[in-house]
Amino acid sequence: MKNYIYNSDIGTFEIVHKGHLCYQLWIEEELLGEYQSAELAAADVAEFNTDYVEWDRFKNELENFPTSLEEWTTVTEETPRK
């Protein structure tokens, strides 16, 4: 299973594959949402639309952040999330 991580200045975002058409977006130990694809989860991070105030408040301020899933780090081992 492919999972993805992005280390930001406020914490580590993770996109965790949970099953067929189910991906979860996490920051540290907080679940931010579930998505039908990893690309949709990454898009919410890129658009500062995560409902995580500490991240979303940086919209139009940050210059160095991943604008697509291809810019995230791929992790092939399974991340232990329940």
Side-chain angles (χ1 to χ4, degrees):
M1 246 185 262
K2 281 189 181 178
N3 297 322
Y4 304 88
I5 59 169
Y6 163 60
N7 293 310
S8 75
D9 290 339
I10 63 160
T12 301
F13 285 98
E14 293 179 72
I15 299 173
V16 180
H17 186 216
K18 298 303 283 184
H20 182 68
L21 296 178
C22 184
Y23 292 82
Q24 294 179 336
L25 176 63
W26 293 81
I27 184 150
E28 303 301 332
E29 298 299 319
E30 185 174 340
L31 176 63
L32 301 177
E34 293 188 339
Y35 300 82
Q36 291 184 339
S37 72
E39 290 81 5
L40 290 172
D44 269 0
V45 174
E47 295 165 6
F48 298 87
N49 188 35
T50 64
D51 290 331
Y52 188 71
V53 176
E54 293 300 313
W55 175 254
D56 294 348
R57 69 185 178 100
F58 287 114
K59 185 173 186 172
N60 299 321
E61 292 181 23
L62 291 182
E63 296 178 10
N64 191 16
F65 61 91
T67 58
S68 69
L69 184 63
E70 290 78 28
E71 297 174 49
W72 288 59
T73 301
T74 303
V75 180
T76 53
E77 66 268 350
E78 192 168 334
T79 304
R81 292 280 184 199
K82 294 182 182 183

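Computed from a predicted model, the values in this text were never measured in an experiment.
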How many angstroms lie between atom [atom1] of [X] and atom [atom2] of [Y], to the nearest 0.5 angstrom?
{"X": "Thr74", "Y": "Tyr4", "atom1": "OG1", "atom2": "OH", "answer": "5.0 Å"}
{"X": "Lys18", "Y": "Asn3", "atom1": "NZ", "atom2": "CG", "answer": "8.5 Å"}
{"X": "Glu47", "Y": "Asp56", "atom1": "CD", "atom2": "CG", "answer": "10.5 Å"}
{"X": "Glu14", "Y": "Glu29", "atom1": "CD", "atom2": "CD", "answer": "8.0 Å"}
{"X": "Phe13", "Y": "Ile5", "atom1": "CZ", "atom2": "CD1", "answer": "12.5 Å"}

With a cut-off of 6.0 Å (strictly less than), are more than 12 heavy atoms of other residues, nucleotides or ligands near CD of Glu71?
yes
Exercise: identify the closest heavy-atom pair between Glu28 and Gly11
OE2-CA, 3.0 Å
Could you pull out the closest heavy-atom pair between Ala46 and Pro66, with the gap in Å?
CB-O, 3.4 Å
Who pairs with Tyr23 by ring-ring contact (aromatic ring centres under 6.0 Å, His included), at least two apart in sequence or on another chain?
His17
Relative to each other, are the rings of Phe48 and Phe65 parallel, tilted or perpendicular (30° and 60° limits)?
perpendicular
List in chain and number order the residues that pass side chain to side chain donor-acceptor pair (under 3.5 Å) with Thr12, two or more places apart in sequence or in another chain; answer none if no residue qualifies.
Asn7
Can you tell me if Asp44 uses its side chain to pair, donor with acceptor, with the backbone of Thr50 under 3.5 Å?
no
Under 4.5 Å between any side-chain heavy atoms of Val45 and Ile15, yes or no?
no
Taking side-chain contact (heavy atoms from CB on, under 4.5 Å) as the test, write out the residues that go with Ile10, two or more places apart.
Ser8, Ile27, Tyr52, Glu54, Trp55, Phe58
